[in-house]
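Below you'll find the structure, written out as structure tokens, and then a few comments.
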Amino acid sequence: MTTMTWSPRRTADTTAHRAAPATAWFPPERSPAGPFRRRLYCLPHAGGSSSAYRTWAGRLGDDTEVVPVQLPGRGTRFAERLATTAEEIADGLAAAIAAREDREWSLFGHSMGALLAYEVAHRMSASGRPPAHLIVSGMTAPPLAARRDRRPVRELSDAELMRRIGELGATPEDVLRSTEMMELLLPVFRADYQVCDSYRFTSRPPLRVPVTVLGGAADPGAPVAGLSAWRDLTSAAYALRLFPGGHFYLNDRLDQVLRSVRAACEGGGGHPLGGRPHHV
């Protein structure tokens, strides 16, 4: 397969993400209608979309609405330009949340989604509307993530990128072997890996937001030392929970993961700074 080029419809002006209506970020893949007390915004991993959280709807109790986030250039936003920096995504999503938020809310992000959730938490905190909780998964703390020793995606051929994707274990083999599917997916993966490659940590005062960190005990890309470093990024409660499995441990341990997420959303699961990892 030769290196892909993006179609013209993916070359909109860079301000388009900030100008997108709030409804574009939050497609109707959420919990059934109800009188929810709080919302949980869920950000996807690299190459993912809001559909990654479709099965979460209605599984965090009667008081929490699950709101999957749709990033530009995929799913219901396929016609939009793919974003390639954390800054433009975080700016757009923070503005969308600020435009609609009228109740307690929290953030969950897996892998790339964790970096984005962290940046959104800072933006919303700076505006005086911080999240009630930040829940991050499968990602080393941003200061370390910005220094990861990995070949940038711009240097990878399509074949090399597909091998990287396959090694993570979340993409079915029949999808990886499908030329048609990969022609649609590779540009998304390239853009998302560029988000991670271009990320530069900005030193700021710690968040005054409780942080819960989740990870796979056998995930080489997010070792315990990298997960533990999140504790330096908050002055509030902090917890680290490890599950059996690799980078996509949550696919095999979803019930356990959702119990931890629910406890965090409902105000539990936090420990004083310096607490030891809890193995689930």
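These figures come from a predicted structure and were not determined experimentally. All residue numbers in this chain count up from 1 along the given sequence.
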Evaluate side chain to side chain donor-acceptor pair (under 3.5 Å) for S235 paired with R208, printing each intermediate quantity in order.
CA-CA 5 Å; S235 60; R208 297 181 179 179; 5.0 Å; no
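The CZ atom of R262 sits 7.5 Å away from atom CG of L60, with the distance rounded to the nearest 0.5 Å. L93 CG to L107 CG: the interatomic distance, rounded to the nearest 0.5 Å, is 7.5 Å. Atom OH of residue Y41 and atom CD1 of residue I97 lie 5.5 Å apart, to the nearest 0.5 angstrom. One distance of note links CE of M139 with SG of C196; it measures 5.0 Å at 0.5 Å rounding. For the atom pair CD of E183 and OG of S178, the computed distance is 8.5 Å after rounding to the nearest 0.5 Å. Of the inter-residue distances, the one linking M182 atom CE with L161 atom CG reads 7.0 Å to the nearest 0.5 angstrom.
Remark: the backbone N or O of S157 is paired with a side-chain donor or acceptor of E160 at under 3.5 angstrom. Judged by distance alone, with hydrogens and angles left aside, the side-chain atoms of R241 form no donor-acceptor pair with the main-chain N or O of A239 at under 3.5 Å. A distance-only check finds a donor-acceptor pair linking the side chain of R74 to the backbone of G48 [under 3.5 Å]. Under a 3.5 Å cut-off, the side chain of R190 and the backbone N or O of V153 do form a donor-acceptor pair. With hydrogens and angles disregarded, a donor-acceptor distance shorter than 3.5 Å links the side chain of R103 to the backbone of F36. Checked by atom type and distance alone, the side chain of Y53 pairs as donor or acceptor with a backbone atom of L43 at under 3.5 Å. A distance-only check finds no donor-acceptor pair linking the side chain of W56 to the backbone of L258 [under 3.5 Å]. Judged by distance alone, the side chain of Q70 and the main-chain N or O of S50 form a donor-acceptor pair under 3.5 Å. Listed for the T234 side chain is a donor-acceptor partner under 3.5 Å among the backbone atoms of L207. The backbone N or O of A98 sits less than 3.5 Å from a side-chain atom of R129, completing a donor-acceptor pair.
Using a 4.0 Å cut-off between a side-chain N of Lys or Arg and a carboxylate O of Asp or Glu, R123 and E87 do not qualify as a salt bridge.
Residue A264 comes nearest to I135 through the heavy atom pair CB-CD1, 3.7 Å, listed as atom of the first residue, atom of the second, then distance. Here the shortest heavy-atom pairing between T140 and W230 reads C-NE1, 3.5 Å. Closest non-hydrogen pair, V195 versus T85, comes out as CG2-N, 3.7 Å. Residue L186 comes nearest to M162 through the heavy atom pair CD2-CG, 4.0 Å, listed as atom of the first residue, atom of the second, then distance. The two residues Y199 and P142 make their nearest non-hydrogen contact at OH-CB, 3.5 Å.
In this structure the side chain of L254 reaches within 4.5 angstrom of the side chain of R59, judged on heavy atoms. Looking at heavy atoms from C-beta onward, F108 lies in side-chain contact with L214 at the 4.5 angstrom threshold. At least one side-chain heavy atom of R100 sits less than 4.5 Å from a side-chain heavy atom of R39. Taking 4.5 Å as the limit, every side-chain heavy atom of F201 sits out of range of all side-chain heavy atoms of L144. The side-chain heavy atoms of H247 and S111, taken from C-beta on, include a pair separated by under 4.5 Å.
Residue R154 places its CZ atom among 12 or fewer non-hydrogen atoms of other residues, nucleotides or ligands, all under 6.0 Å distant.
At least one test fails for R164 against the ring of F189: distance under 6.0 Å to the centre or angle within 45° of the axis.
Identified under the ring pair (Phe, Tyr, Trp, His ring centres under 6.0 Å) test for residues 248-267, with sequence neighbours left out: H45-F248, H110-F248, F243-Y249.
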